[in-house]
Amino acid sequence: MKADFTQNLLEWNDFHNSRALPWKGETNPYKVWLSEIILQQTRVEQGLAYYQRFIEKYPDIHYLAKAPDEEVYKLWEGLGYYSRCKNLIETARLISASHHGHFPNTYAEILKLKGIGPYTAAAIASFAFKEKRAVVDGNVQRVLSRYFGITTPVDTTEGKKLFSGIAQALIDENAPAAYNQAIMDFGATICKPRNPLCNICVQADDCEAFRNNFVNDVPVKQKVMKIKTRWLYYFIIETNDGVYIRKREEKDIWQNLHEFVLLESHEEITDPHNIFLGKLLQHQSYKILSRSDVHTQQLTHQRINGRFYRVGLTGKISLGKNYKYVKKINLHGYAFPRFINSYLEKEFY
DNA sequence: AACCCGGGGGG
DNA sequence: CCCCCAGGGTT
């Protein structure tokens, strides 16, 4: 069984895999690591430009370690899952300082690093250090569940153990890196989530799901997360040349990114400024300069709705220590969530 | 084990 | 509108 699957895969890789990516064949652990963090739960097409910008700005791990937090977040801005950026910075500084810039070179040691789990540790260990350690990502789960006809949910403890065991049994002894790269390319280009190319698949003869016609029913996933709706009313309190912003510190979406003065609700509010600005600005005189249409953004597990109000002030005020007064010209130096940036780009700048 | 964390593209 | 993406961390 293994011989067939692995042999066919590597043969396909040699003669029919034309996928070209900048990090393919890369053995520099820093570059492998960076690419893998960027690609976590992220499409290759989306991550590619980010990877190139990071490599350009931070050619090695010491450059990244020395960079100010805000600069790195700004470079990560728009990519999502911002804890990846936080862990990226922490790990870079740890390796730069404590390991003299030398990346740990075994799966077990790599796995201890922040932001690195089983998949990423296996990827770095195999690509950079040729360790025989099979990767299990969404592609691998899909390929294996179809080929072997596995209906165990992939997102359970049992499923994770099952798939990592099978993957490790299938990996090629002599070419672990090539095998790992090949199975992910195969999953991304042939054994795709929807409309897989079974008609030209070199594994089709031995594929359980194809032979029994349930290719579209695997892999099985268990978790169904309910989507909650949030209403965010942002007040851009501004003077002639500055605005007030704060960093989101709480455990919530967009942690460590910036925002304006916020009134949040679980449902729509007709005139949010009436109940809010009076209290916030006390005796200050202010003027509502504009009110945006309702903006929306659909996240995986939340639906964000909201409006943006520009509020004019004659002079500076104090909104507490959480808020910073920033000149409008310098807003570009701070990282904002997409929800805010899309407003700024269209209606503010 | 259950829940949380973004944003984009395809059907 | 729903699903998925070179997953990982926290509770």
Side-chain angles (χ1 to χ4, degrees), chain A residues 19 21-24 26 31-51 73 76-88 90-91 110-124 126-127 134-143 153-161 163-164 167 177 179-189 191-196 216-228 230 248 250-257 296-304 335-342:
Chain A
R19 205 182 190 204
L21 298 168
W23 46 80
K24 266 177 87 164
E26 182 62 65
K31 293 185 178 177
V32 174
W33 167 62
L34 180 61
S35 69
E36 295 300 342
I37 301 298
I38 287 175
L39 292 174
Q40 285 169 5
Q41 289 293 284
T42 303
R43 285 199 157 73
V44 165
E45 309 83 66
Q46 189 190 359
L48 213 127
Y50 284 84
Y51 173 77
Y73 276 103
W76 194 274
E77 182 183 54
L79 196 52
Y81 284 147
Y82 297 94
S83 68
R84 289 185 291 173
C85 186
K86 175 188 166 78
N87 290 329
L88 189 78
E90 280 190 44
T91 296
I110 296 168
L111 188 57
K112 294 177 183 170
L113 299 170
K114 286 192 177 178
I116 295 183
Y119 163 77
T120 306
I124 298 171
S126 63
F127 295 144
V135 295
V136 180
D137 71 335
N139 292 304
V140 176
Q141 291 168 350
R142 189 170 57 254
V143 171
V154 297
D155 53 351
T156 59
T157 305
E158 183 190 356
K160 286 172 191 168
K161 284 175 63 178
F163 281 95
S164 69
Y179 170 88
N180 278 340
Q181 186 62 60
I183 193 169
M184 290 193 284
D185 286 345
F186 182 78
T189 61
C191 198
K192 300 184 294 177
R194 282 173 302 271
N195 305 325
N216 293 317
D217 299 326
V218 285
V220 174
K221 296 193 178 175
Q222 190 169 69
K223 71 175 99 177
V224 274
M225 207 175 298
K226 45 179 183 259
I227 296 178
K228 57 175 179 177
R230 302 168 70 165
R248 289 176 63 88
E250 55 276 6
K251 274 183 55 83
D252 192 7
I253 56 171
W254 306 329
Q255 189 175 33
N256 293 318
L257 272 60
T296 69
Q297 187 183 14
Q298 184 68 49
L299 304 181
T300 299
H301 49 288
Q302 297 185 30
R303 180 172 185 78
I304 310 294
F336 292 93
R338 188 92 173 91
F339 184 74
I340 292 177
N341 261 335
S342 69

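The sequence lines fix the lettering, A, B, ..., with proteins before strands; numbering per chain opens at 1.
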When the nearest nucleotide of DNA chain B is assigned to A:Glu158 and to A:Phe336 on a heavy-atom basis, which residue is associated with the more 5' position?
-> A:Glu158
Separation of the C1' atoms in B:dC3 and C:dA6, to the nearest angstrom = 23 Å
Calculate the interatomic distance between A:Gln222 atom CD and B:dA2 atom C1'; express it in whole Å.
-> 10 Å
Checking all strands, does A:Gly78 fall into the base, sugar-phosphate, or nothing category for heavy-atom contacts under 4.0 angstrom?
-> sugar-phosphate
Reading nucleotides 4-11 of chain C from 5' to 3' and marking B where a protein heavy atom lies under 4.0 Å of the base, S where only the sugar-phosphate is that close, and - otherwise, the string is BBBBSSS-
Ring pair (Phe, Tyr, Trp, His ring centres under 6.0 Å) against A:Phe336, all qualifying residues, sequence neighbours excluded | A:Phe260
Atom CD1 of A:Ile227 and atom P of B:dC3 are separated, to the nearest Å, by 15 Å
Ring pair (Phe, Tyr, Trp, His ring centres under 6.0 Å) involving A:Trp23 - partner list, sequence neighbours excluded | A:Tyr51
Taking pairs as Watson-Crick (N1-N3 plus N6-O4 or O6-N4) or G-U wobble (N1-O2 and O6-N3), each distance under 3.5 Å, the stems of three or more consecutive pairs with DNA chain B are B:1-5 with C:7-11, B:7-11 with C:1-5
Measure the distance from CD1 on A:Ile37 to C1' on B:dG6 and round it to the nearest whole Å.
-> 16 Å
Rounded to the nearest angstrom, tell me the gap between atom CG in A:Leu299 and atom P in C:dC2.
-> 14 Å
For A:His301 and B:dG6, give me the distance from atom NE2 to atom P, rounded to whole Å.
-> 6 Å
Can you tell me how far P of B:dG9 sits from CG of A:Asn195, to the nearest Å?
-> 19 Å
Quick one: list whatever passes side-chain hydrogen bond (donor to acceptor under 3.5 Å, both in side chains) with A:Lys112, sequence neighbours left out.
-> A:Glu109
Rounded to the nearest Å, what distance is computed from the CD atom of residue A:Gln302 to the P atom of nucleotide B:dG6?
-> 8 Å
Return the value, rounded to whole Å, for the distance between atom CG of A:Leu257 and atom P of B:dG6.
-> 8 Å
With A:Phe339, which residues qualify under ring pair (Phe, Tyr, Trp, His ring centres under 6.0 Å), at least two apart?
-> A:Phe308
Inter-nucleotide C1' distance (B:dG9, C:dG8), Å rounded = 23 Å
Assess the side chains of A:Arg303 and A:Gln298: does a donor N or O sit below 3.5 Å from an acceptor N or O?
-> yes
Look at the side chain of A:Asp137 and the backbone N and O of A:Tyr119, then say whether any donor-acceptor pair between them is shorter than 3.5 Å.
-> no
Taking side-chain hydrogen bond (donor to acceptor under 3.5 Å, both in side chains) as the test, write out the residues that go with A:Arg84, two or more places apart.
-> A:Thr42
Residues two or more places apart in sequence or in another chain: which of them pass ring pair (Phe, Tyr, Trp, His ring centres under 6.0 Å) with A:Phe127?
-> none
Have a look at A:Asn180 and say if it touches a base, only the backbone sugar-phosphate, or nothing, with a 4.0 Å heavy-atom cut-off.
-> nothing
Taken in chain and number order and not counting sequence neighbours, the residues that satisfy side-chain hydrogen bond (donor to acceptor under 3.5 Å, both in side chains) with A:Tyr73 are A:Asn256
